[in-house]
Each structure stands twice: as C-alpha cells, then as structure tokens.
Amino acid sequence: LMKKSSLSLLTSLLLTPVLFASSLSKEIQNNSLVVYNSNIGLVHEERQLSIKPTESTIVYEGVAKTLHTDSINVSLPDAVTLLSQQYRFDKLTQTKLLESHIDKKVEVRMLKNRNEFKIIPVTLLSFSGTNALVRTTDFQVISVASKSIIFSDIPDELITKPSLVWNVKVQSDTNEKMKLDYLISNINFKSDYILNLDSEDKATLMGWINVENRSGKRFEDVTLSLLAGDVNRVSQNRPRYQKERVLTVMSDAPEVREIAHEGYHIYKIPFKVNLANNEKTQIKFLTKKSISIKRENIARLSNPLYSDAMRKYGVVMYVTLSPLGVPLPQGVIRSYSKLENSTLFLGENRVPHTSKNTPLKVKIGKNFDIHIKQKVIRRDNNQKYYNVDLEYSVQNDSDFTKEITLKIPFNRNHNSKITTTQKYSFTEGNLVTFTLLVPANSTKIFQVNYESKK
C-alpha cells in the first residue's frame with residue numbers, strides 16, 4: 001500500500017491544485033493593483049484560458065476574500081458566453097470531507113496491536129459526530145472513529161481557495177487570454193515623509209508609501225498605483241485588527257510618477273512590489289538631497305481695528321522647501337536635525353497633495369526664544385471710522401540674529417490707511433506683513449496707526 005496521510009496531516013493537500021474541466025493558467029499576466037485612500041482597491045489580472053465546447057464551467061481560483069461580487073468585470077474570449085457566476089469559498093473541515101465522501105471509497109487507520117496500525121479499504125456509509133459507519137470489502141458494517149478515516153484527495157466540489165465560478169456556453173475550442181477586474185475592501189495607503197535639516201539652508205527629504213493589505217489576498221510582483229482623492233462610497237464600518245506585521249521595501253528605482261485623471265491624482269510606483277496579506281508594506285519611493293530651504297519665524301496676530309488690550313503671541317517656525325520636481329501625495333512629515341552627533345525630533349504635521357512645481361511649507365513648532373506683544377496706545381473711533389495706534393514689541397532672547405515675520409489681518413480698501421516708519425507689504429490678500437531682522441538678545445519696538453471706514 002502507498003503511504004497516505006491521515007486527516008490530521010491533510011493540510012498539505014491545500015496546496016495541491018484542484019482539477020477542473022477548463023484549463024486556466026496559474027500564471028497571472030499583466031497584474032496590477034490600484035489602491036485608493038478610502039479603504040478599497042481595484043485588482044486587474046489576465047490569464048490564459050483553454051476550453052472546449054463540451055465544458056460548461058470555469059473556476060477562477062485565488063481571488064481576494066473581500067471581493068465585491070457586484071463589481072466583477074470579466075472579459076472572456078468571443079467564443080465563450082457567460083451565463084452566470086458565483087463566489088465560492090469552502091473552508092475545509094472534517095465534516096465537509098465526510099459529507100463529500102458518503103458512498104465513496106476511503107480507508108481507515110485501525111489499531112492492529114499495541115504498537116501497530118493497519119490500513120483497510122472501506123466505503124463510507126454515514127457519520128455522526130465523532131463516529132462513522134463503514135462497509136468493509138467483505139461487506140461487514142462497522143463503527144469507526146471519524147478521525148481515523150483517510151481521504152485520498154479533495155473532491156472537486158470543495159473549493160478551498162476563494163474562487164469565482166462561471167457557468168458558460170462554449171461555441172468552439174478556445175485558447176485565448178481572459179481579463180478580470182474587481183474591487184476589494186480592507187486595503188489602504190498613506191504617505192509618510194522624513195525631513196532631515198542638514199544645515200541652515202539645505203535639507204534631505206525621504207518619502208514612504210505605506211500600504212496596509214488586509215484584503216485576504218497576497219499580491220505577487222504587482223504593478224502598484226495609488227489614487228489620491230475623495231471617491232464617493234457608501235459608508236462602511238472598518239474592522240479592527242489585532243495582529244500586524246510590517247515589511248519594508250527599499251528601492252533606488254526611479255521616483256513615483258503622477259498622472260492627473262478625472263479630477264484625481266494617480267501615483268504610479270515605477271517598480272513591481274509584493275504585498276502580503278495582513279501586513280503593512282512600506283515602500284521607499286522618494287529621496288531628494290541638498291534641497292534648498294528657507295527658514296521662517298512667523299507670528300499671526302489679531303485685527304488691530306478690534307484690539308482693546310495688550311496681547312501676547314507666539315512665533316511658529318517653518319521650513320519652506322523649494323519645488324522638488326516630483327508630486328507628493330498627502331501625508332505626515334516628520335522633521336529631524338543633528339546636534340553634536342545626536343538626532344533630534346523637531347516636530348510633525350500634515351502636508352497636502354503637492355504638485356511638482358509647488359514649494360512645500362513645513363510647520364516645525366513654536367520658537368521658544370521669540371515673543372510678540374501687541375499693545376493699544378490710543379483709540380479714536382467715531383461713527384464712520386476706526387482709528388487706532390498700536391505698539392508692537394518683538395523680543396529675541398536667542399543668541400542669534402533672527403528674521404521674524406508678523407502677519408496682521410486688516411480691512412484693506414480705498415478708505416483704509418496705514419501710517420508707520422516700519423516697512424511693510426500686503427501678502428495673502430489682506431495681511432499686513434512686517435519682516436524684521438532682530439539682533440540676538442534684543443527687542444525691536446515700533447508703532448503703527450490704522451485707519452479704516454466702518
């Protein structure tokens with residue numbers, strides 16, 4: 001007798017392909033995946049189909065468990081007419097194997113003596129719980145333990161991988177390529193960036209795409225694209241997951257390519273990737289060195305026409321990167337710098353989708369050493385006009401000269417007037433902007449008169 005595995009060792013059979021009438025190649029061609037930032041993905045696969053007029057079923061194995069059955073878009077050869085389809089996935093259990101082998105030949109592993117077993121051929125008649133009735137070759141009916149029954153194969157009707165089953169009508173012998181597209185759930189992406197401030201005016205930016213795949217399917221050597229935008233979808237509760245693995249893929253391949261399409265932005269990863277199920281995959285897609293940067297200390301103040309007391313304001317530090325020449329998907333950027341051979345984390349904030357020719361402004365955090373005070377010196381309002389004198393005090397307690405920008409909203413119109421000895425300009429529409437160079441450990445004070453019609 002050939003050596004056979006018992007039910008407890010049957011898991012190895014899961015890797016054995018089930019034979020169906022039609023011949024569908026195991027090799028997937030031109031496979032691609034579009035991941036949306038709304039917890040869905042679009043799968044595209046192509047396979048070679050060989051089928052004859054006598055055949056009526058195509059089984060397409062290996063689709064994602066989270067497949068949206070109402071999104072299936074299949075393109076079959078002209079000689080094959082699709083009649084109906086089902087999504088099938090039978091989890092292999094002892095009960096299902098027993099049910100599928102009623103009135104079929106199986107084998108039983110029975111104790112011969114204390115240290116020896118024998119295997120006998122039988123026909124399975126019925127089963128109930130842990131016991132089964134079998135008929136031996138000499139027509140004896142005996143009761144045996146269900147777990148002692150040995151199965152030689154997995155019946156065709158038990159599809160152990162998530163599969164699409166198509167009922168078809170075939171007009172002639174066909175050996176052509178078929179294409180399949182479908183939507184899946186529980187797959188998402190986000191972008192993360194690392195900004196290293198190398199010097200006062202240079203920086204290095206690294207970009208990572210983080211794809212979280214819990215769709216129930218592993219993607220091998222797939223062409224990956226990411227679609228950024230708000231795709232209209234019916235609201236669904238996102239499941240919670242407790243176990244997670246992270247795989248990092250680093251590449252020196254060309255950087256991500258952006259395509260604007262139908263009001264969205266598609267980011268194409270220019271190398272093939274593997275996305276395991278129940279894993280987060282981090283793909284390094286961007287490295288830019290020696291980026292020119294501009295450092296800014298900016299304070300945003302209140303409208304002087306409505307100020308009635310002294311106010312204090314903090315100053316926020318920004319770093320503006322010159323245009324990178326490549327588009328950046330929205331994400332989180334974390335900033336670092338070096339101090340005496342140690343790395344310091346400076347802050348993090350979100351960045352929007354940024355086109356290739358747009359400077360990227362990154363908020364670092366509040367400046368500890370710079371303080372702004374705004375004080376009302378005089379107010380002379382009447383029924384038609386606001387008129388107020390304000391004093392601004394800009395204090396720099398650091399050991400370095402700092403350039404500090406004050407941005408003050410003001411009702412700018414042909415009836416408004418600003419009087420001051422300090423140079424200013426209008427930015428962002430109606431913001432009165434003062435840019436001051438304040439020496440180390442000193443304070444700059446100046447006054448401004450604002451007048452505007454009510």
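Just so you know, residue 1 is the first one in the sequence shown, and it goes up from there.
Defined by atom type and a distance below 3.5 Å, a donor-acceptor pair is missing between the side-chain atoms of Tyr318 and Asn349. At a cut-off of 3.5 Å, with distance as the only test, no side-chain donor of Asn449 or Glu451 sits close to an acceptor on the other residue. For the 3.5 Å distance criterion, the side chains of Asn31 and Glu45 fail to qualify, holding no donor opposite an acceptor. Between the side chains of Gln48 and Asn175, at least one donor N or O sits under 3.5 Å from an acceptor N or O. Between the side chains of Lys338 and Thr343, a donor-acceptor pair is found at a separation under 3.5 Å. A donor-acceptor contact closer than 3.5 angstrom is absent between the side chains of Lys417 and Ser452.
Counting only distance, with no hydrogens or angles, the side chain of Thr174 and the backbone of Ser50 share no donor-acceptor pair below 3.5 Å. One N or O on the side chain of Asn396 and one on the backbone of Val438 form a donor-acceptor pair closer than 3.5 Å. Within the 3.5 Å criterion, the main-chain N or O of Glu220 finds no donor-acceptor partner in the side chain of Asn274. Of the possible donor and acceptor atoms, none in the side chain of Asn213 sits under 3.5 Å from a partner among the backbone N and O of Ile187. Panel note: side chain Asn430, backbone Asn411; no donor-acceptor pair is recorded below 3.5 Å. Of the possible polar contacts, none joining the Ser191 side chain to the Gly331 backbone as a donor-acceptor pair under 3.5 Å is found. Counting only distance, with no hydrogens or angles, the side chain of Thr66 and the backbone of Ser215 share a donor-acceptor pair below 3.5 Å. A donor-acceptor pair under 3.5 Å links the side-chain atoms of Arg379 to the main chain of Leu305, judged by distance alone. Looking only at distances, no side-chain donor or acceptor of Lys312 sits under 3.5 Å from a matching main-chain atom of His371. A donor-acceptor pair under 3.5 Å is absent between the side-chain atoms of Thr54 and the main chain of Lys52, judged by distance alone.
Atom CZ of Phe345 has more than 12 neighbouring heavy atoms from other residues, nucleotides or ligands inside a 6.0 Å radius. Residue Lys407 places its NZ atom among more than 12 non-hydrogen atoms of other residues, nucleotides or ligands, all under 6.0 Å distant. Heavy-atom contacts from other residues, nucleotides or ligands closer than 6.0 Å to NZ of Lys169 number 12 or fewer. Heavy-atom contacts from other residues, nucleotides or ligands closer than 6.0 Å to NZ of Lys373 number 12 or fewer.
In summary, the aromatic rings of Phe446 and Phe434 are positioned with their centroids under 6.0 Å apart.
Nearest heavy atom pair, residue Ile283 against residue Phe271, reads CG2-CZ, 3.3 Å. Annotation for Thr401 and Pro439: closest pair OG1-CA, 3.7 Å, computed over non-hydrogen atoms. Here the closest non-hydrogen pair linking Leu390 and Pro304 is CD2-CB, 3.6 Å. Between Pro329 and Phe285, the closest heavy-atom pair is CD-CZ, 4.1 Å. Minimum heavy-atom separation, Val222 to Leu33: CG2-N, 3.7 Å.
Looking only at side-chain heavy atoms (C-beta outward), Leu205 and Ile333 come within less than 4.5 Å of each other. A heavy-atom distance below 4.5 Å is not found between the side chains of Thr57 and Trp166. You'll find the side chain of Pro327 stays beyond 4.5 Å of the side chain of His353, heavy atoms only. Put simply, the side chain of Lys65 does not reach to within 4.5 Å of the side chain of Asn277, judged on heavy atoms. For the pair Leu195/Ile293, no side-chain contact is recorded, criterion being any heavy-atom separation below 4.5 Å from C-beta on. Looking at Gln422 and Leu436, their side chains come closer than 4.5 Å, going by heavy atoms from C-beta outward. Within the 4.5 Å cutoff, no side-chain heavy atoms of Ile28 are placed close to those of Asp221. Side-chain contact between Ser292 and Asp201: absent, with no pair of heavy atoms (C-beta onward) separated by less than 4.5 Å.
How far CZ of Phe426 is from CD1 of Ile408: 10.0 Å, rounded to the nearest 0.5 Å. Here the straight-line distance linking atom OH of Tyr193 with atom CG of Leu286 works out to 7.0 Å at 0.5 Å rounding. Atom CZ of residue Arg300 and atom OG1 of residue Thr433 lie 8.5 Å apart, to the nearest 0.5 angstrom. If you take OG1 on Thr204 and CG on Asp198, they are separated by 3.5 Å, rounding to the nearest 0.5 Å. With rounding to the nearest 0.5 angstrom, the CG atom of Leu437 is 9.5 Å from the NZ atom of Lys444. Between the OH atom of Tyr336 and the CD1 atom of Ile364 there is a distance of 11.5 Å, given to the nearest 0.5 Å.
Only one option out of Arg350, Lys284, Arg334 pairs with Asp192 in a salt bridge (charged side-chain N to carboxylate O under 4.0 Å, His left out); it is Arg334.
Ion pairing of Arg295 with Glu403 is absent here, as no side-chain N (NZ or NE/NH1/NH2) approaches a carboxylate O to less than 4.0 Å.
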- [ ] Please test Asn188 against Arg214 for side-chain hydrogen bond (donor to acceptor under 3.5 Å, both in side chains), starting from the C-alpha separation and ending with a verdict.
- [x] CA-CA 9 Å; Asn188 210 344; Arg214 298 188 183 276; over 6 Å; no
- [ ] Decide side-chain contact (heavy atoms from CB on, under 4.5 Å) for Phe189 and Val211; before the verdict, give the C-alpha distance in whole Å, the side-chain angles of both, and the deciding distance to 0.1 Å.
- [x] CA-CA 4 Å; Phe189 85 91; Val211 181; 4.2 Å; yes
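For residues 354-369, every residue pair satisfying the salt bridge (Lys or Arg N to Asp or Glu O under 4.0 Å) rule, not counting sequence neighbours, is listed here: Glu296-Lys361.
Relative orientation of the Tyr392 and Tyr450 rings is perpendicular, given thresholds of 30° and 60° on the angle between their planes.
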